[in-house]
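Heavy atoms only: backbone and side chains are in, while hydrogens, waters and symmetry mates are out. The structure displayed is predicted, hence computed values, not measured ones.
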Amino acid sequence: MANRVLVVGGGSWGTTVAHLAAHNEPTMLWCRSPEIANAVNSTHANPRYLQGFELHPRLRATTELTEAVGEAEVVVMAVPAASFRMVIQQVAPQLQPWVPVLSLTKGLEQGTRLRMTEIINQVASAHPAGALTGPNLAQEIIAGHAATSVIAMSDETVASALQAVLTTELFRVYTNDDVIGCELGGTLKNVIALASGMVDGLGAGDNTRAAVITRGLAEIARLGTAMGGRSDTFSGLAGMGDLLATCMSPLSRNRHVGYELGQGRRLKAILAEMDQTAEGVHTAQIVVELADLNGVEMPLSAAVDAVLKGNCTAEEAMMALMGRQARPEPELFKQHRSRLRRAWRFVKRSK
């Protein structure tokens with residue numbers, strides 16, 4: 001499968017994925033900014049988002065979206081969730097037949113609460129849709145550190161072809177047909193990363209952070225399975241792997257926002273200083289809405305949403321969580337208790 005790869009979005013992660021793809025296939029990076037496009041073409045760098053890192057010399061950049069899409073055999077979407085639908089609507093009419101569309105965006109659409117592949121399926125229904133997700137901090141990968149990722153796509157043949165496009169010596173790509181679980185894992189962990197950053201900002205220790213991450217994973221799995229994801233997905237790269245990296249790394253934008261909130265700063269001032277999107281800020285309220293719709297309890301996520309809305313401070317949210325009534329931890333056993341009872345009745349009848 002010979003590919004001309006187009007990555008739509010010249011931020012840090014879009015540029016990094018374009019850099020990886022350029023190792024294997026002719027690759028074009030679409031940027032809104034003429035300055036970034038010129039820098040990629042002339043100096044093999046993206047000084048705005050990846051200052052100090054050298055890009056693959058065969059990677060090219062453009063600001064002409066229509067022409068680039070018409071020549072592409074693989075399209076990778078690397079734009080924020082807030083502008084995803086608008087951009088894919090511009091992309092879709094120019095797509096060649098059956099060109100796959102891969103999302104890098106870990107967020108949900110305001111209003112519709114849709115995942116990015118659901119938006120692709122609405123706007124470009126004739127094209128295979130998938131998502132690339134996992135513990136992928138752009139600056140570590142562009143620096144040459146070993147990393148892994150997951151392509152989530154229902155079509156295994158297309159997923160395998162895309163796997164070959166993106167895999168390099170130090171970037172290993174797996175495939176998974178649980179698109180719902182993989183996308184939700186990548187999206188929901190941003191909200192938990194905000195919580196992890198908050199407790200770090202408050203000066204709490206490793207025990208507190210471990211508790212937030214562990215209970216956060218339980219929340220992700222509860223909502224993820226309620227919405228159709230597979231439970232095993234959340235113990236893999238798209239779940240626990242991505243959660244750990246995003247909650248602990250100082251390179252994580254969502255953790256950074258949480259940390260600053262824990263330090264007592266205002267959300268508006270924090271975001272004003274940032275050049276890229278922290279998707280968890282825009283996702284938290286949607287997650288709480290989805291939890292209500294699916295009858296799932298998500299106290300951590302609700303606490304993050306309350307802090308973001310200014311209804312309480314990070315310290316007040318943490319104290320409220322600590323004051324919740326204690327209960328047994330093994331939730332998975334409780335979820336599957338009815339199945340176990342049925343199985344036990346069957347065994348007794350069989351004797």
Main chain of Arg172, side chain of Thr167: is a donor-acceptor contact present, judged purely on distance under 3.5 Å?
no
Within the supplied structure, the quantity of interest is the number of heavy atoms (other residues, nucleotides, ligands) at a distance under 6.0 Å from Glu67 CD; does it exceed 12?
no
Apply salt bridge (Lys or Arg N to Asp or Glu O under 4.0 Å) to the pair Glu219 and Lys189, showing each step before the final yes or no.
CA-CA 10 Å; Glu219 289 193 9; Lys189 56 86 186 178; over 6 Å; no
Ignoring hydrogens and angles, state whether a donor on the side chain of Glu289 or Gln285 is under 3.5 Å from an acceptor on the partner side chain.
yes
Minimum heavy-atom separation for Ala143 to Phe53, with atom names?
CB-CE2, 3.6 Å
Indicate yes or no: at least one non-hydrogen side-chain atom of Met298 is less than 4.5 angstrom from one of Leu223.
yes
Should Leu162 and Pro100 count as side-chain neighbours, where that means a heavy-atom distance under 4.5 Å?
yes
Mind checking whether Thr148 and Tyr174 have side chains closer than 4.5 Å, heavy atoms only?
yes
If you compare all heavy atoms of Leu321 against all heavy atoms of Pro299, which two are closest, and at what distance to 0.1 Å?
CD2-O, 3.7 Å
When rounded to the nearest 0.5 angstrom, what distance separates CD in Glu297 from CG in Leu300?
11.0 Å
Test salt bridge (Lys or Arg N to Asp or Glu O under 4.0 Å) on Glu73 and Arg4; report intermediate values, then the result.
CA-CA 5 Å; Glu73 295 177 41; Arg4 293 184 182 88; 3.0 Å; yes
Mind listing the side-chain donor-acceptor pairs of residues 196-207 below 3.5 Å, one per line with the distance, residues two or more places apart or on another chain?
unit_1, atom_1, unit_2, atom_2, d
Ser196, OG, Cys247, O, 3.0
Asp200, OD1, Arg209, NE, 3.2
Asp200, OD1, Arg209, NH2, 3.2
Asp200, OD2, Arg209, NE, 3.4
Asp200, OD2, Arg255, NE, 3.3
Asp200, OD2, Arg255, NH2, 3.3
Asp206, OD1, Arg209, NH1, 2.6

Between CD of Glu109 and CD of Gln122, what distance do you get to the nearest 0.5 Å?
7.5 Å
About how many Å separate NE2 of His145 and CD of Gln139, when rounded to the nearest 0.5 Å?
10.0 Å
Are the side chain of Asn24 and the backbone of Val165 linked by a donor-acceptor contact shorter than 3.5 Å?
yes
Give me the one residue out of Glu183, Arg85, Lys106 that meets side chain to side chain contact (heavy atoms under 4.5 Å, CB included) with Met116.
Glu183
Which heavy-atom pair separates Ala78 from Leu104 by the least distance, and what is that distance?
CB-CD1, 3.6 Å
Distance only, no hydrogens: is a donor on one side chain within 3.5 Å (strictly under) of an acceptor on the other, for Gln94 and Thr66?
no
Does any N or O in the side chain of Asp178 come within less than 3.5 Å of the main-chain N or O of Gly229, such that one atom is a donor and the other an acceptor?
no
Is the backbone of Ala138 close enough, under 3.5 Å, to the side chain of Trp13 for a donor and an acceptor to pair up by distance?
no
In short, Ala195 meets Val212 closest at the heavy-atom pair CB-CG1, 3.9 Å
Taking Thr112 for its side chain and Leu114 for its backbone only, find out whether a donor-acceptor pair lies under 3.5 Å.
yes
Taking the side chain as every heavy atom from C-beta outward, state whether Val281 and Val257 have any atom pair closer than 4.5 Å.
yes
With no hydrogens and no angle check, is any side-chain donor or acceptor of Glu279 less than 3.5 Å from a backbone partner on Thr105?
no
Shortest non-hydrogen contact from Thr117 toward Arg115:
OG1-NH1, 3.1 Å
Asp242 vs Thr246, test: side-chain hydrogen bond (donor to acceptor under 3.5 Å, both in side chains). Steps then yes/no.
CA-CA 6 Å; Asp242 201 1; Thr246 312; 3.2 Å; yes
Would Asn46 and Thr15 count as a side-chain hydrogen bond (donor to acceptor under 3.5 Å, both in side chains) here? Give the steps.
CA-CA 8 Å; Asn46 185 335; Thr15 302; 3.0 Å; yes
Going through the checks in order, is the ring pair (Phe, Tyr, Trp, His ring centres under 6.0 Å) test met by His23 and His56?
CA-CA 7 Å; His23 285 72; His56 196 283; 4.6 Å; yes
Judged by atom type as modelled, is there a donor-acceptor pair below 3.5 Å linking the side chain of Asn294 to the main-chain atoms of Leu290?
yes
Distance alone, cut at 3.5 Å: any donor-acceptor contact between the side chains of Arg230 and Asn176?
yes
Within a radius of less than 6.0 Å around CZ of Arg265, do more than 12 heavy atoms belonging to other residues, nucleotides or ligands occur?
yes
Are Arg58 and Glu25 close enough for a salt bridge, meaning some N to O gap below 4.0 Å?
no
What closest approach, in Å, do His127 and Gln96 show between heavy atoms, and which atom pair accounts for it?
CE1-O, 2.9 Å
Compare all side-chain heavy atoms of Leu6 with those of Val74 and state whether any distance is below 4.5 angstrom.
no
We want to know whether Ser154 and Asp177 form a side-chain donor-acceptor pair, criterion being a heavy-atom distance below 3.5 angstrom.
no
Out of curiosity, Ser103 OG to Ile88 CD1, how far, rounded to the nearest 0.5 Å?
9.0 Å
For the residue pair Ser149 and Asn136, confirm or rule out a side-chain donor-acceptor distance under 3.5 Å.
yes
Side chains of Leu243 and Ile213, heavy atoms from C-beta outward: is any pair under 4.5 Å?
yes
pair Val123-Ile119: side-chain heavy atoms closer than 4.5 Å:
yes
Side chain to side chain, Glu260 and Leu267, heavy atoms closer than 4.5 Å
no
In terms of side-chain heavy atoms, does Ser12 have a donor or acceptor partner in Gln276 at a distance below 3.5 Å?
yes
At what distance, to the nearest 0.5 angstrom, does CZ of Arg266 lie from CG of Leu271?
13.5 Å
Within the side chain of Arg32, is there an N or O that forms a donor-acceptor pair under 3.5 Å with the backbone of Gly9?
no
Any side-chain donor near an acceptor of the partner, Glu35 and Ser33, under 3.5 Å
yes
Hydrophobic cluster membership, Val158 vs Trp98, 4.5 Å side-chain cutoff
no
